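Worksheet: one structure, shown below.
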Amino acid sequence: MQFISYNHNSFKNTYYYEQLPEKEKQTFDILTRVFHFKANNYVLENLIDWKKVPNDPIYKLLFPQKEMLPAHDYALLQELVIRDINKEQLETFIKRVQQKMQPTIIHCKSSIPHLNNVPIKGMYSNFGTIVSLFPDPMVKTCHSYCSYCFRWNMFGNTETQHSASYHDPMTPIPWLLEHPEISDVLFTGADPLVLPTSVLKKYIDPILEIDSVKVIRISSKSLAWWPYRFTTDKDAQALLQLFVYIQSRGKHLNFCAHFTHPKELENEVVKTAIKNIRATGTVIRCQGPLVKNINDQPEIWSTLWNQQIALGLIPYYMFIEADHHPESCFRIPLAKALSIFQEAQKTTTGLARTVRGPVFMNDLNRVLLDGITEINEEKYFVLKSLQCPPETHSEGQIKLIPYSTTTKNAGNLFELFNTSEMDLQKAF
């Protein structure tokens with residue numbers, strides 16, 4: 001299959017747009033003025049049941065939802081679009097809405113690597129033994145865009161892309177040589193595997209020379225959004241050979257695959273892609289977010305994990321958002337999230353117990369919602385710090401927060417687990 005990409009304009013020329021209910025067309029036309037939209041022919045043709053739109057889970061995963069904007073902002077934007085007011089005025093209002101929707105990303109100053117007291121762009125090291133790398137080409141785009149993604153502001157924003165990434169493949173090397181405690185390097189982005197293999201290799205090659213780096217991680221949703229990357233794309237074989245080469249250099253290669261719904265694992269092409277990757281010796285671990293109205297049922301997760309095990313994959317994390325969007329329409333109550341995880345595990349093979357969850361997807365701490373306890377007839381959520389910045393000395397700590405059936409927010413996890421005074425910065 002040849003890759004065909006659609007943005008908000010070109011999608012309007014498709015058969016699928018014509019089949020949308022009029023209300024969905026209007027919602028799409030309004031929201032894609034604020035949020036970036038990208039889909040491809042594989043997703044549109046194979047993953048969405050168009051007869052179930054707007055309730056199809058992959059449709060909700062791909063297409064912006066009305067609830068993503070505050071009701072009053074959506075109503076005003078709708079009115080301005082219908083009135084067809086001056087383009088400049090409309091753009092001014094859209095930019096104001098986009099600014100309000102910018103994700104809040106808080107990080108420690110100590111998490112930004114420095115060399116000779118100068119911060120290094122495109123590097124982030126929060127947990128002591130791992131550094132995340134953001135080479136310039138990797139932060140620009142994905143095969144399709146998930147509606148819940150908090151990195152949406154990166155797409156099409158060259159200024160943000162430039163300030164949060166590096167271009168020279170040698171950029172991380174001096175710092176890594178000075179920090180032998182770093183054993184894992186994670187290539188992330190947007191999606192690294194949108195790139196041609198030759199470009200990807202250019203950024204990986206220098207890392208392979210660092211003896212202290214034992215693990216190369218690649219985080220990608222390409223298996224779900226474009227599995228042909230590993231089957232019939234023109235450089236699919238070159239990519240698989242790169243995976244073999246990385247391991248021949250004595251590195252463990254971990255492919256961190258993003259799956260949100262069992263539908264993403266049902267097609268034969270994705271099963272073939274998985275077989276091809278596993279044949280290289282690469283380990284595939286799977287993670288995904290718990291998202292309202294998309295996969296917030298235990299049966300969906302048990303099916304997803306069982307499918308992963310059957311295909312030789314390792315269930316890794318069920319994430320819940322921590323604090324990027326305090327009023328995010330994708331959140332569900334913490335009590336429900338915990339119940340979904342626990343009920344799903346009851347009907348999965350014991351091999352799926354490798355999965356950790358629900359885990360807050362936070363930029364400072366990786367925190368497990370571990371259960372519910374009762375003290376003096378008062379109920380509490382039990383939170384456990386799985387990973388944290390080394391300076392906080394909070395890894396493994398247990399904290400309690402008041403139990404509620406309705407709360408969707410665990411509060412400021414950094415303040416909850418921080419045991420030392422650290423400077424914070426807000427990014428983006």
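FYI, the numbering just counts along the sequence from 1. The model shown is predicted, which means the values in this text are computed figures rather than measured ones.
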Give the ring-plane orientation class for [X] versus [Y], where under 30° counts as parallel, over 60° as perpendicular and anything between as tilted.
| X | Y | value |
| --- | --- | --- |
| Tyr42 | Tyr228 | perpendicular |
| Phe63 | Phe37 | tilted |
| Phe230 | Phe243 | tilted |

Only counting residues at least two apart or in another chain, list the ones meeting salt bridge (Lys or Arg N to Asp or Glu O under 4.0 Å) with Lys221. Glu264
Classify the side-chain pair [X]/[Y] by whether it contains a donor and acceptor separated by less than 3.5 Å.
| X | Y | result |
| --- | --- | --- |
| Ser10 | Asn13 | no |
| Asp29 | Tyr17 | yes |
| Arg229 | Thr197 | yes |
| Glu24 | Tyr59 | yes |
| Asn306 | Thr348 | no |
| Ser5 | Asn40 | no |
| Ser220 | His258 | no |
| Asp191 | Trp225 | no |
| Lys38 | Thr141 | yes |

Residues, nucleotides or ligands: over 12 heavy atoms within 6.0 Å of Gln2 CD: no
Applied to residues 269-304, the ring pair (Phe, Tyr, Trp, His ring centres under 6.0 Å) test, sequence neighbours excluded, yields Trp301-Trp305
Which residue pairs pass the salt bridge (charged side-chain N to carboxylate O under 4.0 Å, His left out) test with at least one member in residues 269-280, sequence neighbours excluded? Glu268-Lys271
Would the Phe35 and His8 ring centres measure less than 6.0 Å apart? no
Inspect the contact between [Y] and [X] and indicate whether a charged nitrogen and a carboxylate oxygen are less than 4.0 angstrom apart.
| X | Y | value |
| --- | --- | --- |
| Asp184 | Lys214 | no |
| Lys201 | Asp205 | yes |
| Arg249 | Glu209 | yes |

Before giving the answer on side chain to side chain contact (heavy atoms under 4.5 Å, CB included), spell out for Leu61 and His261 the whole-Å C-alpha distance, their side-chain angles and the decisive distance to 0.1 Å. CA-CA 9 Å; Leu61 176 59; His261 195 275; 5.6 Å; no
Test salt bridge (charged side-chain N to carboxylate O under 4.0 Å, His left out) applied to Asp296 and Lys336, Arg331, Lys408, the passing residue: Lys336
